[in-house]
Amino acid sequence: MKTKFLLGAIAALLATGSAFAQSAGSIVVYGGAAQITPHIESGDLSAPSLPGTKIDVKKATSFVGGITYYWTDNISIDLPISAPFKHDVIGAGAIDGVGKLGTVKSLPATLLAQYRFGDAGSAFRPFVGAGVTYGYFFKPKATATLSGITGGTPSNPTTLSMKSRFGTTLELGAAYNLTKDWSASLSFTKTFIKTTGSLSTGQTIETTLDPVSIKFGVGYRF
C-alpha cells in the first residue's frame with residue numbers, strides 16, 4: 001500500500017508539474033547546442049576568373065541559448081541567442097578541390113512565433129514556428145589559396161567579405177516536460193537567405209545559403 005501511495009504521489013506531482021510548465025505567462029530560459037548546415041547554390045565569381053568558379057560553405061556547430069515567452073498556452077515567442085558559428089569557405093565548380101579559400105563567422109539573430117500543439121498539461125508538445133532571421137557575417141579571413149587563384153601577392157593578399165542579410169525562417173520541433181520547471185527540446189529550422197561575397201580585387205559572387213539548423217536545448221521555467 002505504501003508503494004502504491006508513493007507511486008501515486010509521484011505521478012500526481014509530475015502531472016501537476018507538466019500542467020504548469022508550458023502555460024500562458026511562463027518564461028523559459030534554455031541552453032544547448034546547434035549545428036548549421038548551409039545548402040549552397042553558388043553563382044559564378046565575376047570576371048576576371050575561370051568560368052564556373054564557385055564556392056561552398058561548410059557546416060558549423062556552436063553553443064546556443066534563448067528565451068521563450070508563452071503568450072498563451074499554445075502560442076509562444078522564441079528568441080534564440082547563440083555564440084558565433086565559424087564556417088569554412090571552400091572552392092567548388094571549376095576550382096573544386098583547391099581546398100579552403102577562407103573562413104567567416106556568422107551570428108544569426110532570429111525571432112520566432114511558435115504554435116504548440118496539445119494543452120498546457122501535456123508532457124510532450126510538438127510545435128511549428130515561423131519568423132525572421134538577420135544573418136550577420138563578420139571576421140572573414142582569406143587563405144593564400146584564394147590569393148593564388150585571384151592574382152594576390154604576399155605583399156598584397158586578396159581579402160574577402162560577405163554581406164549580412166535578412167531572411168525568413170521556418171521551424172519544426174518538440175518539447176518534453178521533465179519536471180515542473182525543467183524541459184528538453186529538439187527543433188529543426190530552415191532559413192531562406194542569400195548573400196554577396198566580395199573580394200578586394202573587385203570580384204563578387206552571389207550565393208544562396210538556405211541553411212538547415214538542428215538545435216537541442218534544456219530549459220528552466222521562471
Side-chain angles (χ1 to χ4, degrees), residues 32-64 80-112 129-172 187-216:
Q35 183 178 82
I36 294 179
T37 304
H39 286 237
I40 300 298
E41 289 186 13
S42 172
D44 291 349
L45 182 65
S46 62
S49 65
L50 189 66
T53 297
K54 301 178 183 293
I55 62 168
D56 193 10
V57 182
K58 308 306 288 184
K59 63 184 178 183
T61 303
S62 186
F63 295 105
V64 67
I81 303 170
S82 70
F85 295 82
K86 186 178 181 180
H87 302 269
D88 287 343
V89 181
I90 65 173
I95 58 170
D96 187 21
V98 300
K100 187 163 68 173
L101 304 177
T103 61
V104 65
K105 291 186 177 182
S106 69
L107 191 62
T110 302
L111 183 64
L112 294 163
V132 62
T133 293
Y134 181 68
Y136 175 56
F137 304 104
F138 65 106
K139 289 190 175 179
K141 292 184 178 180
T143 65
T145 300
L146 180 61
S147 285
I149 64 176
T150 56
T153 65
S155 60
N156 186 29
T158 301
T159 60
L160 65 89
S161 65
M162 294 181 71
K163 189 172 183 178
S164 301
R165 293 270 179 84
F166 279 99
T168 56
T169 298
L170 301 178
E171 181 182 37
L172 176 64
S187 65
F188 298 86
T189 60
K190 172 77 171 183
T191 300
F192 301 90
I193 190 169
K194 299 180 179 181
T195 187
T196 301
S198 300
L199 304 181
S200 56
T201 57
Q203 296 160 282
T204 60
I205 186 168
E206 299 292 332
T207 307
T208 297
L209 300 173
D210 289 359
V212 172
S213 174
I214 178 171
K215 178 179 69 177
F216 173 77

(Q) Taking side-chain contact (heavy atoms from CB on, under 4.5 Å) as the definition, give me every residue that meets it alongside Phe166, ordered by chain and number, with sequence neighbours left out. (A) Val132, Tyr134
Q | For Thr153, side-chain contact (heavy atoms from CB on, under 4.5 Å) partners two or more places apart | A | Ser155, Asn156
Q) Looking at Thr195 and Met162, what are the two nearest heavy atoms and their distance? A) CG2-CE, 3.4 Å
Q. When rounded to the nearest 0.5 angstrom, what is the spacing between OG in Ser164 and CZ in Phe138?
A. 9.5 Å
Q.
Going by side-chain contact (heavy atoms from CB on, under 4.5 Å), name the residues that satisfy it together with Thr201, two or more places apart in sequence or in a different chain.
A. Thr150, Thr158, Leu199, Gln203
Q: Over all heavy atoms of both residues, which pair between Pro108 and Ser82 is shortest? Give the atoms and the distance, please.
A: CD-OG, 4.1 Å
Check residues 35-50 and write down every donor-acceptor pair under 3.5 Å in which the side-chain atom is one partner and the other belongs to a residue at least two apart or another chain.
residue, atom, partner, partner atom, Å
Gln35, NE2, Thr61, OG1, 3.2
Ser42, OG, Ile55, N, 3.1
Asp44, OD1, Lys54, NZ, 2.7
Ser46, OG, Thr204, N, 2.9
Ser46, OG, Thr204, O, 3.4
Ser49, OG, Leu45, O, 2.7
Ser49, OG, Ser46, O, 3.2

Q: Working to the nearest 0.5 Å, report the span between OG1 of Thr143 and CD1 of Ile149.
A: 8.0 Å
(Q) If I take atom CZ from residue Arg165 and atom OG1 from residue Thr191, how far apart are they, to the nearest 0.5 angstrom? (A) 15.0 Å
Q: Look only at the side chain of Ser200 and the backbone of Thr159, and say whether a donor-acceptor pair between them is shorter than 3.5 Å.
A: yes
Side-chain donor-acceptor contacts of residues 83-106 below 3.5 Å, not counting sequence neighbours, with atom names and distances?
residue, atom, partner, partner atom, Å
His87, ND1, Lys58, O, 2.8
His87, NE2, Ser106, OG, 3.0

Q. Quick one: are Pro211 and Ile193 in side-chain contact, heavy atoms under 4.5 Å?
A. yes
Q: Quick one: do Thr110 and Thr169 satisfy side chain to side chain donor-acceptor pair (under 3.5 Å)? Show the steps, please.
A: CA-CA 8 Å; Thr110 302; Thr169 298; 4.8 Å; no
Q: For Asp210, enumerate each residue passing the side-chain contact (heavy atoms from CB on, under 4.5 Å) test, keeping only those at least two apart in sequence or located in another chain.
A: Lys190, Phe192, Thr208
